[in-house]
Trainee: 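Before anything else, here's the structure in question.
Quick note: numbers below take in every heavy atom, side chains included, and nothing from hydrogens, waters or symmetry partners.
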Amino acid sequence: MLTTESTTKGRKEKNKHGALLYSTFIKTIICIYWLAIILSLKDEWPLFALKRFAIAFVIGTVINTVLWYMRRLSLGYMQIFELDMRAVYNFDRRKLSFFKSYNYKLLYYTHFFEGDFFKAISVCNEAIEHTKNKKYILLARHTKILSLFFSEGTQNIEELIREQKELKATVKSKDFDFMFKQYQFIEAYLDDDYEKASKTVTAFLSNEKESVYNSRKIIFLQFRKMLCLKNNDAEGVQNCNSEILKCDSERRTFFSKILVS
C-alpha cells in the first residue's frame with residue numbers, strides 16, 4: 001500500500017504533469033480523431049466528404065504520433081535521468097488487463113529504486129508467473145536479482161543468473177546486455193574477487209555511452225561504494241556518495257536516501 005506521503009506526492013505530480021497521464025493521452029487521441037470526423041462533415045448530416053476525412057485522419061494521425069513520442073520521451077527522461085519511478089508509475093499504469101505485465105514492470109521498478117526490495121521481489125515473482133514473454137521475464141528476474149543482492153538475500157542469485165544467461169541466449173536483442181555487466185560484478189563480489197569486481201565497475205563508469213543513464217550508473221556507484229566499504233576507504237565512500245547525489249539530487253531513490261546529510 002502507498003503511504004499518505006506517497007499518495008499526496010502522487011496527487012501533486014498529477015496536478016503538475018496531468019498531460020502525461022495515460023488516460024489523458026488516450027482521451028486526447030480520441031478527441032483528435034473525432035475532430036477529424038467533424039471537420040469532414042458536409043452540410044447535410046450524416047454525410048461527409050471522404051477525401052476531406054482522409055486528409056483530416058492523416059493529419060490527426062501525425063499529430064497523435066508526435067504526441068506519443070513526446071510523451072514517451074518525457075516519461076523516459078523522468079525514469080532514466082531523474083529517477084522518478086513513482087511518478088512514471090502514477091502516469092503510465094493502465095487499467096486494461098492486457099497491460100498487466102507492463103504495470104508489473106512499472107511497479108517493481110518503483111519498489112526497487114525506493115528500496116522496498118522485498119516488495120519488489122514479490123511483484124517480480126508475480127510478473128514472472130503471469131507472462132511467457134521472454135523480455136518481460138528477463139526484466140523481472142533481473143530486478144529480482146538486484147533486489148536480492150542489495151537486501152543480502154544472496155542464496156539463490158547464482159542460479160537466477162544462470163537462468164538469465166540461458167534465456168538471454170534465446171532473445172535476439174542487445175537491450176539486455178547491460179544486465180550481464182551487473183552480473184559480472186555480483187558474481188565476482190560474492191566470490192570475494194574484489195579486484196575483478198572493481199575492474200567491472202571501472203569499465204562501466206569509464207564508458208560514457210553506458211554511464212550516461214543515471215538509472216544504471218547509480219547502481220554501479222553503489223557497487224563501487226560497497227568495495228570501498230570493504231577496503232575501509234573512507235575517501236572513496238565519500239566520493240561515491242557525492243556521485244550518487246549528482247545522479248539523484250532530489251533523493252528519490254534508496255541509494256541517496258540512505259546517505260547522511
Trainee: For the CE atom of Met78 and the CG atom of Leu73, what is their distance to the nearest 0.5 Å?
Mentor: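 Met78 CE to Leu73 CG: 13.0 Å, rounded to 0.5 Å.
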Trainee: Step through the shown structure and confirm whether more than 12 heavy atoms of other residues, nucleotides or ligands are within 6.0 Å of NZ on Lys257.
Mentor: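 Enclosed: over 12 neighbouring heavy atoms sit under 6.0 Å from NZ of Lys257.
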Trainee: Using the side-chain contact (heavy atoms from CB on, under 4.5 Å) rule, take Glu235 and Asp233 through it: C-alpha gap first, then chi angles, then the decisive distance, then the call.
Mentor: CA-CA 6 Å; Glu235 183 179 354; Asp233 181 1; 3.9 Å; yes
Trainee: Pair Lys168, Asp175 - check salt bridge (charged side-chain N to carboxylate O under 4.0 Å, His left out), show working.
Mentor: CA-CA 10 Å; Lys168 173 63 173 65; Asp175 294 342; over 6 Å; no
Trainee: Checking Ser206 now: which residues fulfil side chain to side chain donor-acceptor pair (under 3.5 Å) with it, not counting sequence neighbours?
Mentor: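 Checked Ser206 against side chain to side chain donor-acceptor pair (under 3.5 Å); zero matches.
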Trainee: Checking the side chain of Thr110 only, and the main-chain atoms of Met85 only, is there a donor and an acceptor separated by less than 3.5 Å?
Mentor: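 Yes, because the side chain of Thr110 sits within donor-acceptor range (under 3.5 Å) of the backbone of Met85.
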Trainee: Could you list the donor-acceptor pairs under 3.5 angstrom formed between side-chain atoms of residues 19-29 and any protein atom two or more places apart in sequence or on another chain?
Mentor:
unit_1: Thr24; atom_1: OG1; unit_2: Gly18; atom_2: O; d: 3.4
unit_1: Thr28; atom_1: OG1; unit_2: Thr24; atom_2: O; d: 2.8

Trainee: Find the distance between CZ (Phe223) and CG (Leu205) and round it off to the nearest 0.5 Å.
Mentor: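 Those atoms lie 10.5 Å apart.
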Trainee: Please evaluate residues Lys230 and Tyr194 with respect to the criterion side-chain contact (heavy atoms from CB on, under 4.5 Å), reporting the C-alpha separation (whole Å), side-chain torsions for both, the decisive distance (0.1 Å), and the verdict.
Mentor: CA-CA 9 Å; Lys230 282 283 185 182; Tyr194 302 127; 3.5 Å; yes
Trainee: Any side-chain heavy-atom pair from Phe176 and Lys135 closer than 4.5 angstrom?
Mentor: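 A side-chain contact exists here, since the closest heavy-atom pair is under 4.5 Å.
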Trainee: Just verifying a value: how many Å separate Glu243 CD and Ile218 CD1, rounded to the nearest 0.5 Å?
Mentor: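 Those atoms lie 11.0 Å apart.
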Trainee: Whether the side chain of Asn207 engages the backbone of Ala203 through a donor-acceptor N/O pair (distance < 3.5 Å, no angle test) should be reported.
Mentor: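 Pair absent, no side-chain N/O of Asn207 close to backbone of Ala203.
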Trainee: Using the ring-ring contact (aromatic ring centres under 6.0 Å, His included) criterion, which residues pair with Phe204? Sequence neighbours excluded.
Mentor: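 For Phe204 the ring-ring contact (aromatic ring centres under 6.0 Å, His included) partners, ignoring immediate neighbours, are Phe220.
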Trainee: Taking CD in Glu210 as the centre, count heavy atoms belonging to other residues, nucleotides or ligands within less than 6.0 Å. Is the count above 12?
Mentor: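 Enclosed: over 12 neighbouring heavy atoms sit under 6.0 Å from CD of Glu210.
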Trainee: Apply the test side-chain contact (heavy atoms from CB on, under 4.5 Å) to residues Leu139 and Tyr108: give CA-CA distance (whole Å), side-chain angles for both, the deciding distance (0.1 Å), then the verdict.
Mentor: CA-CA 10 Å; Leu139 291 170; Tyr108 59 65; 3.4 Å; yes
Trainee: Restricting to pairs with a member in residues 226-260, which pass ring pair (Phe, Tyr, Trp, His ring centres under 6.0 Å), not counting sequence neighbours?
Mentor: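 Ring pair (Phe, Tyr, Trp, His ring centres under 6.0 Å) check on residues 226-260 returns Phe117-Phe254, Phe150-Phe255.
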Trainee: Is Arg94 positioned over the aromatic face of Tyr102, cation under 6.0 angstrom from the ring centre and no more than 45 degrees off axis?
Mentor: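 The answer is yes; both the distance and angle limits are met.
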Trainee: Checking Thr131 now: which residues fulfil side-chain contact (heavy atoms from CB on, under 4.5 Å) with it, not counting sequence neighbours?
Mentor: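 Ser101, Asn133, Tyr136, Ile137.
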Trainee: Minimum heavy-atom separation for Leu83 and Asn214, please, with both atom names.
Mentor: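 For Leu83 versus Asn214, the nearest heavy atoms are CD2-C, 3.9 Å.
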Trainee: Just checking Tyr189 against Phe149, ring centres under 6.0 Å apart?
Mentor: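 Between Phe149 and Tyr189, which both carry aromatic rings, the centre distance is below 6.0 Å.
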Trainee: Looking only at heavy atoms, what is the nearest atom pair of Ala120 and Ser147, with distance?
Mentor: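 It is CB-OG, 3.5 Å.
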Trainee: Under a 4.5 Å cut-off applied to non-hydrogen side-chain atoms, are Glu250 and Glu82 in contact?
Mentor: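 With C-beta onward as the side chain, the pair stays apart.
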Trainee: Apply side chain to side chain donor-acceptor pair (under 3.5 Å) to Thr170 and list each qualifying residue two or more places apart in sequence or on a separate chain.
Mentor: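 By the side chain to side chain donor-acceptor pair (under 3.5 Å) rule, Thr170 matches Lys134.
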Trainee: Is there a side-chain contact between Leu75 and Gln79 in this structure, where contact means two heavy atoms from C-beta onward sitting under 4.5 Å apart?
Mentor: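 They are not in side-chain contact.
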Trainee: Not counting sequence neighbours, which residues clear side-chain contact (heavy atoms from CB on, under 4.5 Å) with Asn125? List them please.
Mentor: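 Testing Asn125 for side-chain contact (heavy atoms from CB on, under 4.5 Å), a comparison that skips the adjacent residues, returns Ile121, Lys144.
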Trainee: Find the distance between CD1 (Ile244) and CD1 (Ile258) and round it off to the nearest 0.5 Å.
Mentor: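 Output value for this atom pair is 7.0 Å.
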Trainee: Is the closest side-chain heavy-atom distance between Phe99 and Leu96 below 4.5 Å?
Mentor: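 Result yes, sub-4.5 Å side-chain heavy-atom pair found.
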Trainee: If you link ILVMFWY side chains whenever their heavy atoms are less than 4.5 Å apart, which other residues fall into the same cluster as Val212? By chain and number, please.
Mentor: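 ILVMFWY cluster around Val212 also holds Tyr77, Ile80, Phe81, Tyr213.
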Trainee: Between CG of Leu148 and CD of Gln155, what distance do you get to the nearest 0.5 Å?
Mentor: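 The distance works out to 6.5 Å.
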Trainee: What are the two closest non-hydrogen atoms of Cys124 and Ala140, and how far apart are they?
Mentor: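 Between these two residues, the closest heavy atoms are SG-O, 3.2 Å.
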Trainee: Looking at OG of Ser173 and CG of Asp177, how far apart are the two atoms once the value is rounded to the nearest 0.5 Å?
Mentor: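 So the OG of Ser173 and the CG of Asp177 are separated by 7.5 Å.
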Trainee: Please name all residues satisfying side-chain contact (heavy atoms from CB on, under 4.5 Å) with Gln164, sequence neighbours left out, ordered by chain then number.
Mentor: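 Listed in chain order: Leu138, Arg141, His142, Ile145, Met179, Phe180, Tyr183.
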Trainee: So which of Leu229, Asn232, Leu227 actually passes side chain to side chain contact (heavy atoms under 4.5 Å, CB included) with Val237?
Mentor: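 In the set Leu229, Asn232, Leu227, the residue that makes a side chain to side chain contact (heavy atoms under 4.5 Å, CB included) with Val237 is Leu229.
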Trainee: Out of the candidates Thr253, Val123, Leu107, Ile219, only one should pair with Phe112 under the side chain to side chain contact (heavy atoms under 4.5 Å, CB included) rule; please name it.
Mentor: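 The passing option is Ile219.
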Trainee: Measure the shortest side-chain to side-chain distance between Arg224 and Asn239 over non-hydrogen atoms and say whether it is less than 4.5 angstrom.
Mentor: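 Arg224 vs Asn239: side chains apart.
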Trainee: Without placing hydrogens or testing angles, list every side-chain donor-acceptor pair under 3.5 Å for residues 57-70, not counting sequence neighbours.
Mentor:
unit_1: Thr61; atom_1: OG1; unit_2: Tyr33; atom_2: OH; d: 2.9
unit_1: Thr61; atom_1: OG1; unit_2: Phe57; atom_2: O; d: 2.8
unit_1: Asn64; atom_1: ND2; unit_2: Gly60; atom_2: O; d: 3.3
unit_1: Thr65; atom_1: OG1; unit_2: Thr61; atom_2: O; d: 2.8

Trainee: Which pair of non-hydrogen atoms, one from Lys181 and one from Thr200, has the smallest distance, and what is that distance?
Mentor: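 So the minimum-distance heavy-atom pair works out to O-CG2, 3.3 Å.
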Trainee: Given side-chain contact (heavy atoms from CB on, under 4.5 Å), test Arg71 with Asp92 step by step and report yes or no.
Mentor: CA-CA 10 Å; Arg71 181 176 179 276; Asp92 210 27; 2.6 Å; yes
Trainee: Please list, chain by chain and in numerical order, all residues satisfying side chain to side chain donor-acceptor pair (under 3.5 Å) with Lys217, sequence neighbours excluded.
Mentor: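 Result, side chain to side chain donor-acceptor pair (under 3.5 Å) vs Lys217: none returned.
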Trainee: Distance alone, cut at 3.5 Å: any donor-acceptor contact between the side chains of Asn103 and Tyr89?
Mentor: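 Short answer, no.
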Trainee: Can you name the side-chain contact (heavy atoms from CB on, under 4.5 Å) partners of Arg162, sequence neighbours left out?
Mentor: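 Counting only residues at least two positions away or on another chain, Arg162 forms a side-chain contact (heavy atoms from CB on, under 4.5 Å) with Glu159, Glu166.
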